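Written out below as structure tokens is the structure these notes cover.
Keep in mind that this is a model prediction, so the values were computed, not measured. So you know, we letter chains A, B, ... as the sequences are listed, proteins then strands, and number each from 1.
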2 protein chains.
Amino acid sequence: MVAMKQARHPAPNEITLIDVMGALNDPIRVGLVRVLADDREHGWGELRAPVAKSTLSHHLRVLRDAGVTRTRQEGTRCFVELRRDDLDARFPGLLNAVLGAAHRDDVGAHVGLADDSPSA
Amino acid sequence: MVAMKQARHPAPNEITLIDVMGALNDPIRVGLVRVLADDREHGWGELRAPVAKSTLSHHLRVLRDAGVTRTRQEGTRCFVELRRDDLDARFPGLLNAVLGAAHRDDVGAHVGLADDSPSA
DNA sequence: CTCAATGTTCGATGTTCGTGAAACATCGAA
DNA sequence: TTCGATGTTTCACGAACATCGAACATTGAG
């Protein structure tokens, strides 16, 4: 369902290092984080990843459960954004270090935004 | 064998972000990294972790294969140390961010050094 | 109401991972 | 050489994970 009762996001202090490391231990999820690094909210539909719909849904769920992203529903559509502030507050420097490293190695390069995306 | 022909460590530029994230995606391995964060070489024997010998050997292998640590053999004993310089050069800030986060949450607290360790 | 769009959840499948016991290899000492 | 200490490797097993297709639920439009 596009609208579960309410996806539960971990509180800032419930975010654990191991969970974050686990969430960022997959090229596709790192790619998603890179896309979200513009600190803007993006709709599912804009996201382009070389996996099935259900798999993408799964990855987005892992990121959300780990506290890396926040999900919002509007009607039948969902939007994601990076929880940069919460992550920075809890693990200073971690997100930037990962983003920098991911950029250098071009991790998750196959993940991106649709051509007609408002951010493209 | 205490002395394999020569453990192959990845070259600095062969270290990948995903491998490092994967290596640091386990409390015991994070604990080991914390112990090694004093930038000194430690013998296997000093290491205390709540796992079997073979499991510890496995974890140290994962860390080595990921390029996080370096292993050296002297006679029948092995020594490990953090590859801090290589990691910092390749992924600036990542190691420090992880160490800081691990310290805050006390990740890998059950890993330590023997009481009679020269560093204890 | 009926349809189409958008995600989620549910198997099912194959892979990777953490773990320990046991067997093995190497080195140093007696 | 025989023994003990120190690690490594192999094997087996259960758990966790990535992936996909199909069925399902919810919402918005016609």
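- Between the CZ atom of A/Arg64 and the C1' atom of C/dG7 there is a distance of 11 Å, rounded to whole Å.
- The residue B/Gly22 sits apart from the nucleic acid: no heavy atom pair falls under 4.0 Å.
- Taking the side chain of B/Thr76 as heavy atoms from C-beta on, and the options D/dA18, C/dG7, C/dC27, the nearest nucleotide is C/dC27.
- Under the side-chain hydrogen bond (donor to acceptor under 3.5 Å, both in side chains) criterion, A/His58 pairs with no residue, sequence neighbours left out.
- Among the duplex regions that DNA chain C forms, those built from at least three successive Watson-Crick or G-U pairs under 3.5 Å are C:1-30 with D:1-30, ordered by first number.
- Atom P of nucleotide D/dT6 and atom CG of B/Leu60 are separated by 15 Å, given to the nearest angstrom.
- Judged as a side-chain hydrogen bond (donor to acceptor under 3.5 Å, both in side chains), and not counting sequence neighbours, the contacts of B/Asp65 are B/Arg61.
- Not counting sequence neighbours, the partners of A/Asp86 by the side chain to side chain contact (heavy atoms under 4.5 Å, CB included) test are A/Pro12, A/Ile15, A/Arg70, A/Arg83.
- The side chain to side chain contact (heavy atoms under 4.5 Å, CB included) search around A/Ala102 returns A/Val30, A/Arg34, A/Val107, B/Leu17, not counting sequence neighbours.
- Judged as a side chain to side chain contact (heavy atoms under 4.5 Å, CB included), and not counting sequence neighbours, the contacts of A/Val80 are A/Leu36, A/Trp44, A/Leu47, A/Thr69, A/Thr71.
- For A/Asp39, the side-chain hydrogen bond (donor to acceptor under 3.5 Å, both in side chains) partners two or more places apart in sequence, or in a different chain, are A/Arg84.
- Counting to the nearest Å, the P atom of D/dA18 and the CG atom of A/Leu32 are 12 Å from each other.
- Near DNA chain C, meaning a heavy atom under 4.0 Å from it, residues 47-58 of chain B has B/Val51, B/Ala52, B/Ser54, B/Thr55, B/His58 in order of number.
- In this structure, B/Glu74 atom CD and D/dA5 atom C1' are separated by 15 Å, rounded to whole Å.
- Spacing between atom CH2 of A/Trp44 and atom P of D/dT27 amounts to 16 Å, rounded to whole angstrom units.
- B/Arg90 places no side-chain N or O within 3.5 Å of a backbone atom of B/Asp85 that could act as its donor or acceptor partner.
- With sequence neighbours excluded, the residues that form a side chain to side chain contact (heavy atoms under 4.5 Å, CB included) with A/Thr55 are A/Val51, A/Ala52, A/His59.
- Rounded to whole Å, the distance from CD1 on B/Ile28 to P on C/dG18 is 10 Å.
- For the pair B/Arg29 and C/dG18, the criterion of a side-chain N or O lying under 4.0 Å from OP1 or OP2 is met.
- The separation between A/Arg72 atom CZ and C/dT8 atom C1' is 18 Å, rounded to whole Å.
- The pair A/Arg72-A/Glu41 counts as a salt bridge, with a side-chain nitrogen and a carboxylate oxygen less than 4.0 angstrom apart.
- Atom CE of B/Met21 is separated from atom C1' of C/dT16 by 18 Å (rounded to the nearest Å).
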